[in-house]
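Below is one structure, written out as structure tokens; the observations come after it.
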Amino acid sequence: MAADERCFPATGQCISGRFLSFWEENGGLAVFGYPIAAPSQEINRDDGQPYTTQWFERNRFELHPENAAPYDVLLGRLGDDRLRWQSVDWQALPRAAAPQDGCLWFAQTGHTVCDQAAGRGFQTYWRTHGLHDPALNSFQQSLALIGLPLSEATIEINPTDGQPYLTQWFERARFEWHPNEPAEYNVLLGLLGNQLHLTHGQRISAATLGQPAGHHPYLYWTEMQTGQTKLFGTRVDARGGILFSDQIIPRAPLATDGLAVAWVAPDVTGRQQRVLYYQLPAHSPMPVVQKVLLDAGGGSLQITGMALGNGILYYANATPDHRGLFAHRIYDDHEELIDPDGHDPVATNGMLLWSSVTTNGKTGPANRATWSLHLRRLIYNQDAGWITGEDRILTSIESGSTGRFSGYSASGDAVVWAFSAPGADNRVYLYQTSSGTSTPISTSAGSSPSIDNNLVAWATDPSFDAPRSQTWSVQSYDINSGVTQTIASGMAGHGQRFVAQLGNQIAFTVDNPSPNGESLSQSLYLAEVP
């Protein structure tokens with residue numbers, strides 16, 4: 001253990017450097033709790049910039065070396081964040097009618113902070129805990145550490161033990177009154193760091209570009225490093241990124257069947273020119289087989305979707321002279337057209353899914369499109385390889401020009417899909433191929449559904465809720481038990497783009513908002529299914 005490092009067996013985490021000195025100077029264990037994660041680069045949701053961040057049981061530290069101490073460490077507004085996560089608008093909460101004798105009054109939020117016993121309670125705790133800054137008076141120090149009250153004191157159920165306690169919310173904390181504890185522990189701070197950190201899972205990448213690709217046990221993604229786009233991959237049980245290539249189109253599709261990955265590489269002008277392929281042996285962490293599957297020569301590809309399965313690359317191409325969904329056999333480069341209007345192939349377990357669209361040919365508000373979801377079963381023939389066993393259309397959905405499938409996936413006898421369009425049925429559906437029946441399994445709008453064995457995962461889609469939800473979440477559904485649970489969640493200001501079910505792990509991305517409100521990249525997370 002380094003001289004400036006302090007480690008805690010209770011959580012197996014350490015604090016060091018400036019985070020350690022800030023932790024010790026401003027309340028330590030009682031105010032911040034134990035560290036629950038190692039420092040990492042995280043994107044700040046307010047300015048969209050990455051900062052060295054460490055999570056504690058009750059707060060989040062963010063390092064800002066551009067600021068003079070003590071403001072080189074900034075605290076998360078976890079009280080505000082947690083209320084948003086609970087879809088609570090604190091500005092709409094009941095306020096105090098007027099200042100009360102013997103209580104603190106905060107005109108900015110219209111709330112009072114009072115003691116619950118003589119010399120003990122929320123007011124005394126607020127007054128006696130503050131940021132260590134000699135330039136501030138006592139009131140200003142408390143304001144800097146704890147922040148303004150966001151609610152009146154009310155009875156709430158504690159999410160940690162399920163018991164009711166008198167509770168009051170502040171910008172950076174939640175106060176709980178525990179009258180049966182010794183006097184020094186009558187006021188305890190809520191474990192907001194635990195609750196909010198667990199809603200996100202473990203971050204794998206802070207700057208993912210485009211949609212990742214996952215198939216148990218591997219996950220692949222692209223990100224920008226030192227001005228160059230690179231392809232990374234990891235085993236989901238290892239969670240350490242391995243560089244696969246620095247020749248890749250930033251937001252072009254990826255495809256994987258787990259031990260193999262395919263991606264689109266550029267020419268010197270940045271156009272899509274080739275599809276490259278790596279095959280991994282089962283027990284090696286590094287790629288050992290490389291092949292060029294497609295090469296446009298002097299022309300250009302327009303790959304809009306790819307999938308790998310059964311020794312075949314399925315790809316959708318929008319190039320005018322080679323348009324449609326194709327199957328390209330990897331070992332001998334034999335190729336055939338599957339559907340001239342095919343989009344977004346998904347291949348798994350001897351099944352191929354894709355979507356197609358036809359329109360009524362009209363423009364403006366009269367334009368209507370019909371999207372169909374296709375299933376092709378593949379059967380292995382020793383002489384001919386994989387051959388078509390069955391084709392069927394699972395569903396057809398009519399919508400305006402903005403509608404489309406947000407995702408679909410298959411495993412065993414089950415297929416899941418979700419459609420996204422204003423005014424449409426945007427729930428997640430489960431289809432049994434043996435019976436030909438479909439059933440909605442989400443109660444509200446969902447997107448990017450993924451299935452592995454008997455577990456389905458998807459993202460809630462706040463953009464289609466009425467009224468619009470304040471949060472997004474990643475949900476899982478057990479087909480055997482019919483139980484739905486929340487795996488991860490966050491504020492609706494962060495869009496949600498991608499979900500992949502990988503064994504007992506769920507990968508998902510969350511938009512990194514930029515200061516101008518545009519999403520330039522996403523953060524990629526992995527979360528375990530409880």
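Starting from 1, each residue takes its place in the sequence as its number. Bear in mind that the values here come from a model prediction, so they are computed numbers and not experimental data.
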| message | Rounded to the nearest 0.5 Å, what separates atom OH in Y218 from atom OG1 in T234? | response | 8.0 Å
| task | Assess whether side-chain hydrogen bond (donor to acceptor under 3.5 Å, both in side chains) is satisfied between S396 and S372, documenting all intermediate values. | result | CA-CA 4 Å; S396 292; S372 298; 2.9 Å; yes
| note | When F244, Y278, F232, Y220 are each screened for ring pair (Phe, Tyr, Trp, His ring centres under 6.0 Å) with W263, the one that passes is Y278
Pairing donors with acceptors under 3.5 angstrom, does anything connect the side chains of [X] and [Y]?
X    : Y    : value
N426 : S420 : no
S473 : T460 : yes
E156 : W169 : yes
T229 : E223 : no
S356 : H374 : yes
Y277 : Q279 : yes
S355 : Y408 : yes

| query | Under a 4.5 Å cut-off applied to non-hydrogen side-chain atoms, are W55 and Q13 in contact? | reply | no
| note | Sequence neighbours excluded, the answer for salt bridge (charged side-chain N to carboxylate O under 4.0 Å, His left out) partners of D344 is R404
| query | Listed by chain and number, what are the salt bridge (charged side-chain N to carboxylate O under 4.0 Å, His left out) partners of R58, not counting sequence neighbours? | reply | none
| request: Could you list all the salt bridge (Lys or Arg N to Asp or Glu O under 4.0 Å) pairs where at least one residue sits in residues 357-366, not counting sequence neighbours? | output: none
| request: For Y34, look at atom OH and say whether over 12 heavy atoms of other residues, nucleotides or ligands are found less than 6.0 Å away. | output: no
| message | I need the single residue from I487, V236, L526 that forms a side chain to side chain contact (heavy atoms under 4.5 Å, CB included) with I506. Which is it? | response | I487
